[in-house]
Structures are given as structure tokens and as C-alpha cells.
2 protein chains.
Amino acid sequence: MKMTATQRRKVRREAILDAAEQVIAERGFHNTGIADIASHLGMGHGTFYRYFKNKADIANHVLERVITRIGETAQAEDPTAANSLEEYRQQSYRLVRRMLDLAEQHPQALALLHLQATAIDPRRMAQMMDTYALYIRALLQNGVDKQFLRGDLDVVVTAQLIVAMIFEGTRRVFPEKADRELAERWLQAGITMMFDGVGR
Amino acid sequence: MKMTATQRRKVRREAILDAAEQVIAERGFHNTGIADIASHLGMGHGTFYRYFKNKADIANHVLERVITRIGETAQAEDPTAANSLEEYRQQSYRLVRRMLDLAEQHPQALALLHLQATAIDPRRMAQMMDTYALYIRALLQNGVDKQFLRGDLDVVVTAQLIVAMIFEGTRRVFPEKADRELAERWLQAGITMMFDGVGR
DNA sequence: AGAAATAGAATGACATATCATTCCGTAATA
DNA sequence: TATTACGGAATGATATGTCATTCTATTTCT
């Protein structure tokens, strides 16, 4: 196949990012050497430095890529779409199911986020949670504005609570092999508690 | 002060654990050298090896100590005490408030748990969450048995959801300086969502 | 009691290992 | 041929864990 130099460069850079993501997810950030990433691609580790400045550089790029990918899935719903509690409930189902699907389909990305993100950059991890909470907050605020959610709802903190539940869900759904049945239980239990509470 | 040799040994061992907890919480597990712990106590780093086998050894002991301390606070309520929804709500308030107080009073222990535990031993961290979830599950089951919680409640998953919220709360309540006002908001919002749901 | 002996605790220089990063001779490409 | 890419040996920084030696407190002896 013919490729320009810049194309090839881009492809290889991407391949290095893929390899790094996999190796870091498997062995952990601090147990991963540059040589491990390179040998995973069958290339000399000196070559690595032609594509990334250093270890922190690639780790940050890997993390950023994972966060972006997850963020796209997480924020797929239009926050102002729902006009009733029932619509909102359906929207929530879709949103959470999408996240659990993501966890099942890309366990590696989620593993990296849950187990390595704080090692790579603890602030970035916290920032991602904040960003996601802001989005959930917009969803809640829409409900308060349209009066199908309680007016006295603390949208800021409640959004953070919901994010915490969703994230823990994505963590628990991929213990070795993804567990679809467990994912459905999480979805059901989460939405039920959120909308109906635990009382009878 | 007079002390037997064994007493002195115990005291110093404890001092090393204290120092290690602090230094690891501040600088992170992988950025902490044995020499850092030793110099924090003004002792030679060779001495360290008279008290702990190696770095993994002390890290595990530090983590275990933190988990034990937190576990004692977390499981202070009798799971079978509540006999009505209102009693259960009060019990939940106490339980969560205790956890948030803990986070405010021992930010270092919580920081270690949230930021370093996965670095030290990811399985132990997951196991601690499981243990705590089992306890919350017992609380929920009590409510189901006594019929003040909905009979179709998925107590296993709901317990995991609640644990996720509480833990995220303890994380968010100590950003640099503890924020008591924020803690109250978390408590309020968390209990409200759990018992009443978000709908109006 | 005071001096000498012993046990075990503390020390830090050092041997060893592990990487991240650099360097430079060779290969591929334009 | 000139330029750019590649590979892996070389380098240096850093950290761990060991050990011969020094120090200290307690016990034994005179």
C-alpha cells in the first residue's frame, strides 16, 4: 500500500497509542516500560521517542483519548429533550445503558480509567468527573425548569451522586468478562432508586 | 520514660507506619522512596528494614490500617435496629454523616484510600468496597424483611449503588480543606434521592 | 556501686537492578 | 545521493535492599 510519509507517521503514532493503551491497561502505568510498548509493536524503543516526547507525554495522550471516547458516549443525550418525568426516565435508561454497553464493549478503556487514571494524572481524572457531573446537572436542571423534577432539588450535588453511581456501575460490570445480566440489574436498580427511592 | 525493648519496638513500628501513611498520602505511593519515609523520622533508611520487609510490606500494612479505621466508622450502626422507614432514614443520616465527618477529620486517610489504594493493591480496594456493600445490604435487607422498604428491591445492587455514593461523597468533601457546608449538602441530597427519588 | 561484657538496634556506604532517555551506526525512502 | 527513519547499545539517574560497623542500653562481674 502506498502512503505519504505524513500518513504513515500518523498511522504509526496511532498504533503506538493503541499499544500503550493496551499494555498500560494490562500491566499498569508504573509497571509499563517504554520498551514494553515498543516490543508490543515489534519496534525498537528508541523509535518511540520519534513519536512521543516521553513517558508522561504518551500516558497523557492515552488517557485523553480514553476520556474523549467515553465522554462522547456519556454525553450523547440532548439535555433539554425531555418534557415529562416519563420521557426523562426513558432518557436516563438510554444514557445509563449506553454507558454500561461501553463498559462491556471496551473493558480495556474502562479498566485504564478506573485503575490507571489516578496514577497518570489524578487531577485529570477528577476533572473528567466534574465535566460529566456538569452535563448531568444540565439534564436535571431541565427537569426542574419544566417542573417534572422537584423544585428544591440540589442539582449540583445530585448530579455528582448520579455520576458516582454510573461510574461505579461501569467498574463493576467488567470483572474479567463482561456480565450483561449484571448490567441490566444495575440499570434497573439505579433508575429505580433515582426515580422512586427505596421506600415502599 | 521507661520502656521495655518490645514496647519501644512497637512504638517505633507504629511511628514508621504513621510516617509512611503521611508521606504516601502526600507524594503518592510510586513517588515515595523508603528513604523519604526514613528521613521523615530522621532515621537512617537501613533501620526501616529492621521493621518492615520491604516497600510492598509497609504499603500493605498502611493500607490495611486505613481500611480498618474507615471500616470501623462505616459499620457503626446495627443493621437490624431500624423498625420503620423513618427510623431507617434517621439511621442513614447518622451513617452517612459519620462517614463525611471521618473524611473531614482524616483527610489524609481518605486521600490515601482514594488516590493510592489502587496503586498499592487494586484487589484490596475492590474487596473493601465489597465488604462495605455487604454491610449496607444487610441494612436494606432488614428494611425489606420488616416491610418498610419495597419488597422487590435489588438489595445487592442497591447496596453497591449506595456505597458508590457515600465513597464519592468522602472524596469530594476534602478538596484541600474540608468543606462542612458541602458535606451537609451531600448528606441532604444523598438521603433525599435515596428515599424520595428525584421526581416531584 | 562501678567497670566490663553482651545483645541487639541503628546507620549509611555500597552493590545491584531498573528504566527513561540519548546517541549513533545502519537501513529505507524520496 | 540526501534526507529521514529505525534500532538497540550506551548512559545516567534513581531506588531498593544488604551488611560490616558503630552505638546504646542492659546485664554480669568484681
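Below, chains carry the letters A, B, ... as their sequence lines are ordered, and counting in each starts from 1.
Position along DNA chain C of the nearest nucleotide to B:Arg9 versus B:Gly46 favours B:Arg9 as the more 5'-ward residue. Where B:Lys53 and B:Arg8 each meet DNA chain D at their nearest nucleotide, the meeting point lying more 5' is that of B:Lys53.
If you take CZ of B:Arg50 and P of D:dG17, they are 17 Å apart, rounded to a whole angstrom. Here D:dC23 presents its P atom at 19 Å from CE of B:Met43, a figure rounded to the nearest Å. One can place CZ of B:Phe48 at 10 Å from C1' of D:dT16, the figure rounded to the nearest angstrom. One interatomic measurement links the two molecules: OH of B:Tyr49 to C1' of C:dG12, which rounds to 13 Å at whole-angstrom precision. Distance B:Arg27 CZ to D:dT14 C1': 12 Å, rounded to the nearest Å. The separation between A:Ile37 atom CD1 and D:dG7 atom C1' is 17 Å, rounded to whole Å. Spacing between atom NE2 of A:His30 and atom C1' of D:dT14 amounts to 14 Å, rounded to whole angstrom units. As rounded to whole Å, 14 Å separates atom C1' of D:dT14 from atom CD1 of B:Ile34.
OP1 or OP2 of C:dA10 has at least one side-chain nitrogen or oxygen of B:Tyr51 nearer than 4.0 Å. When the side-chain nitrogen and oxygen atoms of B:Thr47 are compared with OP1 and OP2 of C:dA9, none of them lie within a distance under 4.0 Å. Under 4.0 angstrom from either OP1 or OP2 of D:dC6 there lies at least one side-chain N or O belonging to A:Arg12.
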Test side-chain contact (heavy atoms from CB on, under 4.5 Å) applied to B:Glu64 and B:Arg124, step by step: CA-CA 9 Å; B:Glu64 208 53 48; B:Arg124 188 66 190 83; 2.7 Å; yes

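Note on B:Thr6: nothing from the nucleic acid sits closer than 4.0 angstrom, heavy atoms only.
Salt bridge status for A:Arg180 with A:Asp101: present, with a side-chain N to carboxylate O gap under 4.0 Å. Using a cutoff of 4.0 Å between basic side-chain nitrogens and carboxylate oxygens, A:Arg69 and A:Glu21 are scored as salt-bridged.
Side-chain contact between A:Val163 and A:Asp130 is absent, with no heavy-atom pair separated by less than 4.5 Å.
You'll find a donor-acceptor pair under 3.5 Å spanning the side chain of B:His45 and the base of D:dG17, going by distance alone.
Of the possible polar contacts, none joining the A:Gln116 side chain to the A:Arg27 backbone as a donor-acceptor pair under 3.5 Å is found.
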